[in-house]
Number of protein chains: 2
Amino acid sequence: MKKKRVTLKDLASELGVAISTVSRALKDHPDIDKVLTKKIKTLAQQRNYIPNPLAMGLLRQQTRVIGVIVPDLATYFFSSIISGIEDELQQAGYYIVISSSKETLEKEIECVYNLLNLRIDGLIVCLAQNSNQTDHFRKVLDHDVPLVFFDRVCLEKEVSTVVVDNVSMAKDITTHFFANGARKIAHITGPKHLNIVQERTEGYLKGLAEVGLPFEKEYLIHTDLSTESAALAIRNLLNLPQRPDALLGVNDTVIFGAMKEIKQCGLAIPDDLLLAGFSDEFHATVVEPNLTSVAHPTHDIGRNAAKLILEQIEEEKAIQKKIVLNTALHIRASSLRQKK
Amino acid sequence: MKKKRVTLKDLASELGVAISTVSRALKDHPDIDKVLTKKIKTLAQQRNYIPNPLAMGLLRQQTRVIGVIVPDLATYFFSSIISGIEDELQQAGYYIVISSSKETLEKEIECVYNLLNLRIDGLIVCLAQNSNQTDHFRKVLDHDVPLVFFDRVCLEKEVSTVVVDNVSMAKDITTHFFANGARKIAHITGPKHLNIVQERTEGYLKGLAEVGLPFEKEYLIHTDLSTESAALAIRNLLNLPQRPDALLGVNDTVIFGAMKEIKQCGLAIPDDLLLAGFSDEFHATVVEPNLTSVAHPTHDIGRNAAKLILEQIEEEKAIQKKIVLNTALHIRASSLRQKK
DNA sequence: CTGAAAGCGCTAACAT
DNA sequence: ATGTTAGCGCTTTCAG
């Protein structure tokens, strides 16, 4: 059904020369006569000749396709990272195939094998929420397919990563809460096995220590990052005899969910509860009050992940690298209060 | 650098049979001896043999890749449509390559040619905001590559589309505004050439007519759909001597922007101004007050678009189809007011 | 029942 | 300076 596109053979027979001559002329091989080269190039232009990537791929054993797996497509965080990846890879002549793991390990595994079967030239991944095994990524490594993780990472000893300094950001927010009068600071976070969860929790604890607040076990809640489990967590917190007066979310989405609950309870933000999140979603400045959040350099995260992949593809020796990018704490109304 | 994957040749030489025998056995060709078939299949399994899609593609002149072009990845509307497309195509054994036109015609054209060069087997598109020419899509048709538009469409005579009934939804919101006391209903919309803009405007006008309100020219504002131009539009509306008391946005994003401006002016929603949008983004229930919006069956839009593509790929005759899906008006606090 | 060979589009080593 | 050929991995006649 699809119309056949013009091939080297077509051009060659039209000009009465050999296929290889056309092939060489098109890449300015010095051996080919200048005049002939010109003629061939003109015809190729006219006929709108584009090399068949399938044929090239078969020959070179590469598809020029990079796989990208994200937990979810619908958040600004991931989609702007993807756009960073795209910007970098496109100008290097690569295509990207995006898959969403929908925050599940099963889907993630499926995506990895699917992409591997497609013979991708590289894979960029942000782990799913419950991704707690690494066999599928081992497989990627076994096939010598370049692999890069960003944000949520694993196998750090062997695989290159692009991350931010979660520890210091979580610490900064915690002390910022304190400076704004909070004395009972809670933290809703995600599954324990995720690096970002561990690091942000560590920062939270460091922050508490720095301002001399005790760590209260019931103020630290692990969720599965779903809206429902975040809502449950916040309800539990609000029902505590000693209700917290500040809440740090492991991301903005968790906080958006929390805001609904908090308002439903008739509590005021920031008067009753200071709020801050991570990743500075677009809607942080749409919700009321505007949400304090850690802005990740999303576009740069994407670009850097892409660069790491390209490096690994081009250079033989795959040296493991870890790139730590700077974030910015955007302080907004949700965390600002008269000091007590 | 990448490790060679096992091929038919590998399997054949390991078993001392011909490549073609292995090939046939793997697809249960009746000619091949049952025992041999079994043996070959077992080995293939063991060696983890996966047919090389590049070789298959070259042979069959197809990539099993479907291109998808959306104006923007970061909105729930598009990402959930994509997930619908993915669900349908994946189980049909197709991969999807997503590109973002970033709402510009230039990028859209670039994406189309890029994907065409990749030799995609089909293309699913939602037009960019300023996509007002069709040469690049003509090219797709020229190459006999199946094409489907959704939501924002063009070339409707020749190309299959998946849309919603924008006219009646816009009319319904307009009369709903009226029922809630609004008498000066404004509409911020997009570029005139877009079908959704024309249709929603038509519905708005029909709604006004139905309730007997006159059409005021200054209440209908065309923007380029950017946050900035929406903000400018709302500021102009608010500064009108006869400030509107209801506002219909061509989408939720426009309304989110408007909400910031309205609040900055010290006006109350819904007391001073009723609000409603299109597409029912996730954040419609996060903003304060919750936003009334038309919920599109996003997942279904995606699935249907994918199905149309598959149909066109499978059947020879590419009959043009238009699928109109039902929407639901989600009425929330932003448009509810005591009647005057 | 199984093997050999051609060909999908392209490149590169090897002729001429 | 240009042509010939082999081969990337696979399917599919055509032979045996």
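Proteins come first, then strands; the chains are lettered A, B, ... in the order of their sequence lines, and each starts at number 1.
Within 4.0 Å (heavy atoms only), K34(A) reaches no atom of the nucleic acid at all. Base contact: D31(B) has a heavy atom under 4.0 Å from a base atom. Counting non-hydrogen atoms under 4.0 angstrom, L36(B) reaches the backbone sugars and phosphates but no base.
Put simply, NZ on K4(B) is 8 Å from P on dC8(D), counting in whole angstrom units. Taking atom CD1 of I19(A) as the reference point, atom C1' of dC8(C) lies 12 Å away to the nearest angstrom. Atom CG in L11(B) sits roughly 16 Å away from atom P in dT2(C) (whole-Å rounding). The distance from atom CG of D28(B) to atom C1' of dT2(C) is 16 Å, rounded to the nearest whole Å. Protein atom CG of L54(A) is 16 Å distant from nucleotide atom C1' of dT11(C), rounded to whole Å. K39(B) has its NZ atom 14 Å from the C1' atom of dC1(C), to the nearest Å. If you measure from atom CG of N117(B) to atom P of dC10(C), you get 12 Å, rounded to the nearest angstrom. Atom P of nucleotide dC1(C) and atom NE2 of H29(B) are separated by 10 Å, given to the nearest angstrom.
Distances were taken from every side-chain heavy atom of R24(A) (C-beta onward) to each of dT11(D), dG9(C), dG3(D); the shortest belongs to dG3(D). Checking dG3(C), dT11(D), dG9(D) against the side-chain heavy atoms of N52(B) singles out dG9(D) as nearest. Checked against dG9(D), dT12(D), dC8(C), the side chain of Q61(B) finds its nearest nucleotide in dC8(C). Nearest to the side-chain atoms of D33(A) among the listed nucleotides dT11(D), dG7(D), dT2(D) stands dT2(D). Checking dT11(C), dA13(C), dT2(C) against the side-chain heavy atoms of I32(B) singles out dT2(C) as nearest.
Heavy-atom neighbours of K107(A) NZ from other residues, nucleotides or ligands within 6.0 Å: above the threshold of 12.
Remark: E110(A) does not engage K102(A) in a salt bridge, criterion side-chain N to carboxylate O under 4.0 Å.
The shortest distance between the side-chain N/O atoms of K27(A) and the OP1/OP2 oxygens of dT11(C) is below 4.0 Å. Of the side-chain N and O atoms in T21(B), one or more sit less than 4.0 angstrom from OP1 or OP2 of dG3(C). A close approach under 4.0 Å does not occur between any side-chain nitrogen or oxygen of Q62(A) and OP1 or OP2 of dC8(D). In terms of phosphate contacts, K9(B) brings no side-chain nitrogen or oxygen within less than 4.0 Å of OP1 or OP2 of dG7(D). Between R60(A) and the phosphate of dA12(C), there is a side-chain N or O to OP1/OP2 separation shorter than 4.0 Å. Side-chain nitrogen and oxygen atoms of S20(A) include none within less than 4.0 Å of the OP1 or OP2 phosphate oxygen of dG3(D).
Separation of atoms SG (C154(B)) and CZ (F137(B)) is listed at 5.5 Å; rounding is to 0.5 Å.
Looking at D87(B), its side chain never comes within 3.5 Å of a backbone N or O of G84(B) through a donor-acceptor pair.
Nearest heavy-atom pair across V140(A) and L123(A) is CG2-CD2, 3.9 Å.
Each of S23(A) and A55(B) has a nearest nucleotide on DNA chain C; the 5'-most of these lies closest to A55(B). Comparing P30(B) and L58(B) by the nucleotide of DNA chain C that holds the closest heavy atom to each, the one mapping nearer the 5' end is P30(B).
When E103(B), E106(B), E108(B) are each tested for a side-chain contact (heavy atoms from CB on, under 4.5 Å) with S131(B), only one passes: E108(B).
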